[in-house]
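Chain identifiers are assigned alphabetically (A, B, ...) following the order of the sequence lines, protein sequences preceding nucleic acid strands; residue numbering begins at 1 within each chain. What you see below is based on every heavy atom in this structure, not just the backbone, and it leaves out hydrogens, waters and symmetry mates.
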Amino acid sequence: MDPSGIFPTSYRSDRRIIRTRWQVLALVLFMALLLLAPYLVSGRIIAILNMMMISAVIAVGLQICTGYAGQINLGQAAFMGVGAYTASILASKTGLTFLLTIPLAGLSAALFGFLFGLTAARIKGFYLALTTIAAQFLFHFAVLNLPSTWMGGSNGITVPPAELFGLRFVGETAQFYMNFAVTAIMVAGAFGIVRSRFGRAFVAVRDDDVAAGIMGINVAATKANAFLIGAFYAGVGGALWAYLIRFVGVDQFTLFHSIFFVAMIIVGGMGSIVGALVGVFIIRIIQEIIATVGPNIADSVSFLGGDIVFAGMNVVLGGVIALFMILEPKGLMHRWNIMKSSYRIWPFPY
Amino acid sequence: MTTNGGIVSSPLAVRGATLKFGGVTALDDVSISINDDELLAIIGPNGAGKTSLLNVTAGFYRPQKGRVELSGQDVTGLRVDQIARRGLARTFQGTHLFAGQTVVENIMIGRHMLMKSNVIQAFFQFGPVMREESEHREAAEEIIDFLEIEAIRNRPVGTLGYGLRKRVDLGRALAQEPSILLMDEPMAGMNSEEKEDLARFILDVREARKIPVVLVEHDMGVVMDLADRIVVLDFGRVIAEGTPEEIQKDPAVIKAYLG
Amino acid sequence: MVYFINDIITGALIGLLYSLVAMGFVVIYRASKVFNFAQGELVIIGGFIVWFTTMQAGLSLWLSIPLSLVLAGLVGYAIERIFLTKLIGESVFSMVMVTVGLLILLRGLVLLVFGPAVRPFPIIFPLKPLFLGDMLIPMNLLMGGIITIVAAVGLSWFFNRTRSGLRMTAVAEDHVVASSMGISVKGSIAFAWVLGAILSTIGAMIFLSGKSLTFLASDIGFAALPVALFAGLESIGGLILAGVIIGIAQSLTTNYLDPLIGGSLGSVVPYIIMLAILLIRPTGLFGWRTIERV
Amino acid sequence: AIAVAASMPLKAQAETNYNLALLSDFSGPYADIMPVLAGGREAVFTWWNETRGKELGVTLNYKNYETRYDAAQVASLWPGIKSELNPIAVVGLGGPDVAALSERLPEDKIPMFMATASYGFAWKPDSWIFNPRPTYSHESAGFLNWMREQRGGDGPLKVAILASEASPAYVDMAKGLELYAEEHPEEIDLVEVIYTEVQPTDLTGQMRRVVRARAEALVIQTNTSIVVAAKRGLQANGSSIPIMMSSHNGLPASGGALGGLDQLEGDFEAYGMAIAADEDTPARQFYETLVADHGLKAPWNVVTAMGVSQGLFVVTVIDHAIEANGAEGLTGEMVREALFAGPITTEETHGFLPSLTFTPDAPFPLEGLKVNVGTVKDGKITIEATGVDVPDVQKW
Amino acid sequence: MTMLELNNVEVTYSDVILALKGVSMTVSEGQCIALLGGNGAGKSTTLKAISGTLKSEDGTVSAGSIVLDGTPVQNMEASEVVKNGLIHVMEGRRVLRHLTSEQNLIVGGHMVPNSAELKNRLDHVYTLMPRLADLRNRTSGFMSGGEQQLLLIGRAMMAKPKIIAIDEPSLGLAPMMIRDVYEVLKQLKSEGTTFFLVEQNSAAALSIADYAYVMENGRIVMDGPADKLADNEDIKEFYLGVTASGERKSYREIKHYRRRKRWLG
Ligand SMILES: Nc1ncnc2c1ncn2[C@@H]1O[C@H](COP(=O)(O)OP(=O)(O)OP(=O)(O)O)[C@@H](O)[C@H]1O
Ligand SMILES: Nc1ncnc2c1ncn2[C@@H]1O[C@H](COP(=O)(O)OP(=O)(O)OP(=O)(O)O)[C@@H](O)[C@H]1O
Ligand SMILES: [Mg+2]
Ligand SMILES: [Mg+2]
């Protein structure tokens with residue numbers, strides 16, 4: 001529902017995400033703040049933002065695949081791994097610039113995702129969700145068992161830093177700008193995709209794939225596409241990860257990581273790009289708070305003992321996530337939308 | 001009727017379709033064909049095979065025997081979406097709308113197959129995509145105007161009553177700009193006022209688009225008034241075919257269906 | 001040759017253990033349509049309850065085993081009450097997602113309550129294997145296999161032949177319709193979780209008897225997954241067949257193929273088989289087929 | 001830095017303060033050993049501050065950071081650690097720390113010191129991360145050669161190794177030994193390499209293969225659960241092939257998980273660090289000092305030993321750096337330089353570690369390596385051999 | 001005796017959409033009442049409010065009370081409402097799709113104490129609706145729309161409730177079948193079952209109902225004895241599809257004009 005006084009005057013303006021001048025201002029301000037962040041806040045915060053942005057790219061991809069197209073995907077970390085490995089191999093063996101390795105990482109992950117997406121034409125629902133777990137195990141197995149000259153085997157791969165015109169992207173500030181640029185492009189692109197005919201086809205397939213087919217949508221191709229796009233995002237995120245950590249190993253991309261990505265989009269809200277971002281923010285922030293507050297609590301309440309405090313922190317993390325899902329099973333965005341519409345018709349209750 | 005190398009071919013023809021599910025014979029050697037700009041009604045008792053016939057036509061079921069032709073082209077065995085792209089649209093018995101989406105979005109989904117932009121254009125949202133979106137949005141709004149559902153344009157269809165959903169369902173089918181329209185019990189769940197409205201829409205569609213319509217319906221008043229020709233199915237077979245007047249008098253039909 | 005047969009038998013028995021753990025999934029699914037991602041965590045919780053009653057409280061096995069099963073049932077009930085009851089009426093999808101949250105939460109909770117140490121697990125089944133000529137068959141797996149088969153036969157009779165079973169099936173089919181027929185969705189889901197927790201505990205006893213217990217044991221949940229999917233999520237009887245096939249395939253791979261390739265193909269083979277089967281039969285061997293009608 | 005002050009009240013007489021960042025895993029997979037390990041290393045810093053530090057006028061402050069054994073967490077913590085503490089050294093724990101920081105530390109010029117053995121994948125020149133122990137494969141090769149000599153007679157020792165693909169680190173252990181056996185067929189005949197899960201369902205069948213291959217030793221450097229399952233498998237087969245364990249899954253841990261040390265009678269643990277046995281060794285004496293005077297609460301076991309040895313490793317290097325550069329203005333780079341400048345003698349580490357000579361060629365000493373061997377005799381852990389030579393292992 | 005009473009019931013969906021705006025009605029024991037109304041009027045919502053199935057659609061009874069046989073049931077769990085003797089036949093053909101037709105019926109009769117009685121009731125359903133007997137082993141999800149509709153009515157009968165709230169029983173049924181179904185309903189009514197009938201086929205509904213309500217926009221706009229309403233001109237025009245003079249209009253003749261609802265102004 002639009003705020004009163006705002007009427008779309010053309011179909012294009014009706015499509016806009018940002019509808020009021022205040023929203024424009026808020027967005028500009030937000031972006032400016034982000035861009036200036038390295039000059040405003042400490043390195044630790046920037047490092048957290050780096051992690052958040054990388055997770056955001058991956059979670060947004062998952063949101064397209066799972067939230068929009070309804071294909072539950074528990075292999076997102078594997079797809080991320082494929083991207084990270086691709087970028088690492090290309091960067092370390094061929095010295096290709098990151099301007100190319102990042103999209104190529106996305107493409108190779110997309111290919112891997114597409115293969116799994118093809119099975120979605122036949123396999124549905126939970127069966128599909130669980131076959132994506134297979135992606136996870138197969139990726140792990142492949143990395144460790146292919147000749148170690150290919151993917152480094154158990155050794156992992158060391159990644160040279162990203163470089164552009166002699167500028168090395170090392171240190172959190174430089175990496176921040178690189179991550180920011182990529183994330184901004186990817187998130188903007190995601191908005192484009194979900195509001196295009198593809199986004200609508202995804203939703204159609206999610207809601208009723210029989211009807212979607214009869215509407216002239218190629219259901220199998222659409223599902224495979226959803227995986228492809230989701231995996232592309234994961235691959236790009238993986239490449240950013242590779243450039244951030246500069247060492248990739250197979251244990252950085254586990255099923256547990258995939259589960260956390262799923263948790264992120266649930267907490268934020270299924271079927272909303274903003275929801276994915278909110279979810280990433282919330283879960284990462286909880287993790288960081290735990291990592292930051294934990295030692296301090298352990299120090300100040302020493303009678304509890306460090307182990308109890310830290311174990312307790314994990315419970316808090318799990319508990320908060322579970323609580324979110326219980327109290328707000330449709331995600332925070334859903335609550336937000338309800339709040340928004342009741343605010344707009346205030347003071348009338350309905 | 002289109003003339004195709006001298007042979008006259010109808011927009012839609014089913015020839016000798018037989019469809020079995022295990023021991024159940026849903027269709028038994030059924031043949032129908034429709035003429036240009038004709039409204040063909042299919043009636044018959046519950047479980048007679050009417051929906052199955054539409055499903056075979058739309059490619060949702062593949063008949064064990066027989067063929068389906070669209071404008072003389074054999075489309076048997078094509079996927080549903082391929083058949084849809086050849087101009088066949090349908091509405092559903094019950095509704096199969098995308099419940100979480102608004103009315104506009106549902107209708108825009110109907111236009112998916114008419115749109116051409118690719119993923120990369122969508123990702124970068126440049127020129128052609130935006131233009132295409134606006135064009136199709138305009139077409140969608142025309143349909144909304146036509147069906148008089150402006151007021152609920154932005155409501156999620158899941159929150160609409162049954163009757164409005166049926167109207168949206170029709171809108172979505174029209175959005176495909178079909179060259180033939182199949183409708184499965186569009187009037188079910190409406191009171192006579194609403195039936196009148198929908199009847200009017202169907203008549204208007206025929207007038208404006210000049211497309212043949214296949215109508216499955218149990219409301220005899222509607223069928224007799226609207227249909228140019230009626231086919232009666234019983235136990236998967238065609239037991240009668242003719243004008244409404246003929247059918248109303250047909251003893252076999254009276255026995256099996258009208259009572 | 002003897003060894004080959006022995007490997008087949010052991011493999012089949014390990015497969016049956018997977019079946020038992022998978023039965024936990026299936027029972028919960030069959031009675032509530034909720035796919036429980038935290039099944040492996042239920043196994044560890046069951047394991048810790050057994051450990052607690054025997055090694056900590058020092059009860060004899062005859063006392064501790066029934067007590068553990070009761071406690072496990074209570075835990076299952078509590079989980080249902082705390083996490084799922086509130087979601088009845090919401091989409092099944094939200095419930096499933098809550099189990100994802102549960103997985104993360106239970107991991108933390110296990111750590112908090114039982115501590116991180118590796119614990120010795122009581123010896124519930126004799127350590128001495130059964131000798132059949134040159135073949136030797138681990139006792140825990142053998143007896144576990146029998147328990148699994150009995151449980152599968154019993155439960156599939158329950159679900160397919162009794163009216164209560166039919167009621168739960170109705171719940172799994174459609175929560176709203178079931179409750180509009182006067183079936184308590186809450187009751188059905190609670191029952192499912194109690195049963196699921198008990199089965200997991202039995203699984204833990206077989207799995208861990210005489211070995212050690214850490215939270216790593218939850219991995220068995222993911223090892224059992226392929227069995228559940230292979231059989232089809234609604235099929236309890238089918239689990240036996242699926243478990244045996246997957247177990248044998250895995251055993252033969254680990255014993256004959258892995259040494260050749262120098263890797264651990266055995267641990268992914270169940271997933272490969274599962275993928276292959278699902279591509280042929282998208283809902284497993286005996287799962288309900290997707291009904292698509294317009 | 002309030003927390004730092006809280007944990008380590010500043011002494012008035014200390015003139016110079018340096019910070020150490022301690023990476024810990026209290027809630028991840030190593031949560032079981034972390035409290036004890038942390039106790040060990042912290043006690044050493046206390047000891048050093050109260051003795052050497054007092055003499056030199058230097059105080060080492062430290063702060064624990066929780067990494068959950070997750071590379072992502074380490075990476076996001078690091079910039080904060082750096083700006084908050086500006087540490088002269090990082091005290092690391094495991095693989096994720098190495099993964100997240102191996103390329104980062106050279107940029108920031110801060111060295112990291114580990115407690116465990118090293119891995120093939122970390123074996124690179126010009127490292128900023130150092131292990132007091134060589135790779136697990138070094139340690140197993142040393143042990144196996146010792147065993148072959150003990151056995152006497154001709155022919156190589158028949159060996160089986162049990163690894164897991166659950167973690168690349170576990171694969172690394174097998175790969176290194178495989179290469180060594182390949183290059184030294186006269187020493188080791190690797191008859192079986194078995195991969196299993198981290199919590200195996202049943203290893204009876206696999207152990208029968210080991211028995212039938214007439215293996216004389218079974219190397220398990222992965223985890224306790226696998227040792228337990230393997231032991232049960234061997235018992236079922238009526239075999240008593242000795243198992244060689246490492247420090248993190250050693251005799252006390254595995255014995256505990258099996259329900260008693262007696263189950264491991266005749267099995268071994270071997271690593272390049274003091275064995276926490278009952279014997280009265282210099283290491284034991286130092287441990288007693290820490291307990292008596294410096295507030296150490298952990299029991300005398302291998303994990304404590306690991307913590308203490310890591311602490312000693314760190315303070316000794318810093319000590320060397322102060323000697324070379326004076327107490328003022330010490331940097332991470334100077335600490336790293338000090339490591340290469342001269343050996344860390346076994347006396348300096350109170351017998352916890354052998355004498356270590358580091359070069360920039362590898363993250364661990366390549367020469368003069370030794371391992372110690374412990375075993376269970378009559379239900380008690382005893383030291384079987386000390387200073388066993390580690391052979392020259394090729395990088396894999 | 002009053003079987004069911006609604007007092008000023010308000011229903012809200014998703015905390016924001018007000019679908020019922022103060023609805024009151026009374027159903028006496030053994031009576032059949034019909035609820036008529038256009039699309040989206042709130043008929044189904046009324047039934048859902050009574051049967052407690054609103055929650056699954058994020059709806060609540062936000063004001064007013066519903067009393068079923070002396071027990072207040074607003075916002076009660078659906079399965080509890082059933083125990084109080086009401087069965088709601090929902091719209092949308094919600095059969096238990098993977099179960100056979102007969103298993104659906106058995107689920108309907110799951111509260112029957114013994115199997116002899118269960119068998120009795122099954123036979124009763126099969127004699128009233130022989131078509132279901134033919135289909136007994138058919139997977140219900142595969143049955144045709146009309147067949148499913150029959151099954152739902154049969155399933156409700158299996159529970160032998162005191163009151164059946166039924167949403168559009170004639171939906172998608174062939175003319176002959178509608179007659180049959182109404183015969184069945186009449187039969188049940190004569191056996192003492194109370195009916196709450198929501199129906200678009202107003203002619204059929206008014207033929208069996210004792211009393212009728214007409215709903216628009218979430219409000220009751222008209223009510224009265226069924227035969228009186230059947231004579232009302234507006235009802236004739238909008239619900240029965242006959243002109244004031246009693247003749248059926250032809251759908252072909254419909255012109256594009258906006259009609260005025262006389263009771264609204
Ligand atoms: N997929 C299927 N599997 C098994 N049987 C089916 C399937 N689809 C339809 N049938 C059966 O085929 C017969 C014809 O069904 P169909 O849906 O075509 O009937 P209909 O004429 O549309 O009836 P109605 O007027 O009730 O909608 C029915 O008896 C139905 O049970
Ligand atoms: N789940 C829902 N969420 C929001 N609004 C809803 C929901 N369900 C129904 N509504 C709204 O409540 C009103 C009443 O709907 P209801 O389904 O009761 O109509 P009805 O009288 O049964 O119509 P029909 O004859 O078309 O079935 C409608 O305006 C509808 O849009
Ligand atoms: Mg039909
Ligand atoms: Mg309705």
task: Answer with side chain, backbone, both or neither: which region of E:L118 has an atom nearer than 4.5 Å to a non-hydrogen atom of chain C?
output: side chain
message: Quick one, C:V176 with E:S56, criterion side-chain contact (heavy atoms from CB on, under 4.5 Å). Give me CA distance, side-chain angles, the key distance, then yes/no.
response: CA-CA 7 Å; C:V176 179; E:S56 66; 3.4 Å; yes
query: Given side chains that start at C-beta, do those of C:V177 and E:R155 come closer than 4.5 Å, heavy atoms only?
result: yes
message: Using heavy-atom distances under 4.5 Å, tell me whether E:H98 contacts chain C through its side chain, its backbone, both, or neither.
response: both
From CZ (C:R293) to OG (E:S144), nearest 0.5 Å: 6.5 Å
OG on C:S180 to CG on E:L86, rounded to 0.5 Å: 10.0 Å
message: In the structure I gave you, are the side-chain heavy atoms of E:L96 and C:T169 within less than 4.5 Å of one another anywhere?
response: no
query: For the atom pair OG1 (E:T139) and CH2 (C:W288), what is the distance rounded to the nearest 0.5 Å?
result: 10.5 Å
- prompt: For C:S164, is it the side chain, the backbone, both or neither that has a heavy atom under 4.5 Å from a heavy atom of chain E?
  reply: neither
- line: On a heavy-atom basis, the closest approach of C:S184 and E:S79 is CA-OG, 3.9 Å
message: Distance check, rounded to the nearest 0.5 Å: E:H110 atom NE2 versus C:I183 atom CD1?
response: 4.5 Å
query: Can you check whether E:V112's main-chain N or O pairs, donor with acceptor, with C:R163's side chain at less than 3.5 Å?
result: yes
statement: Between the CZ atom in E:F142 and the CZ atom in C:R289, the distance rounded to the nearest 0.5 Å is 6.0 Å
task: Apply side-chain contact (heavy atoms from CB on, under 4.5 Å) to C:E173 and E:N104, showing your working.
output: CA-CA 11 Å; C:E173 184 78 80; E:N104 265 277; over 6 Å; no
field: Most contacts with chain C, counted as non-hydrogen pairs under 4.5 angstrom, among E:M158, E:R94, E:K55
entry: E:R94
